[in-house]
Amino acid sequence: MQAKKNQSLLKRFIKNGIECYLCASRKKLIQITPEEEVRQKFVQKLIHKYGVPPDLIAVEVPLAYYPGGKGKRGRADIVVSGIDKETLE
């Protein structure tokens, strides 16, 4: 049942004939792929089950943005920053 609840939160849109999700973090339409579906379901779970504000969630963040990451390649799928106990209360 939880899977259906997360699924219903993922609204599908068509952009230039391509099915997309509206990413709550990036605030833009993202083409649906199996990887993107998993990513978006997890973002929705963070927002709706755990109460993480969407503006604290970043998606596909280059590793070079972090200390010790200079010159490193790759991306983190999902990063939650600035969370403390008061943020979630």
Side-chain heavy atoms of Val59 within contact of Cys23, under 4.5 Å: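 In contact.
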Side chains of Cys20 and Ile30 in contact at under 4.5 Å (non-hydrogen atoms): no
Enter the distance from [X]:[atom1] to [Y]:[atom2] here, rounded to the nearest 0.5 Å.
X: Lys28; Y: Lys15; atom1: NZ; atom2: NZ; answer: 8.0 Å
X: Phe42; Y: Ile57; atom1: CZ; atom2: CD1; answer: 9.0 Å
X: Ser25; Y: Asp55; atom1: OG; atom2: CG; answer: 9.0 Å

Candidates Val38, Ile78, Leu10 - the one meeting side-chain contact (heavy atoms from CB on, under 4.5 Å) with Val43: Ile78
Heavy-atom closest contact (Ala24 atom, Pro54 atom, distance):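 Looks like O-CB, 4.0 Å.
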side-chain contact (heavy atoms from CB on, under 4.5 Å) evaluation trace for Arg12 with Tyr21: CA-CA 5 Å; Arg12 292 173 181 251; Tyr21 289 132; 3.4 Å; yes
Can you list the residues that meet the side chain to side chain contact (heavy atoms under 4.5 Å, CB included) rule with [X], with sequence neighbours excluded?
X: Gln31; answer: Ile18
X: Lys27; answer: none
X: Arg75; answer: Glu60, Pro62

Under the salt bridge (charged side-chain N to carboxylate O under 4.0 Å, His left out) test, residues paired with Asp77 that sit two or more places apart: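 Asp77: salt bridge (charged side-chain N to carboxylate O under 4.0 Å, His left out) contacts with Arg39.
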Pair Glu19 + Lys11, salt bridge at N-O below 4.0 Å: no
Residues clustering with Leu22 (ILVMFWY side chains joined when closer than 4.5 Å, directly or via others): Phe13, Leu29
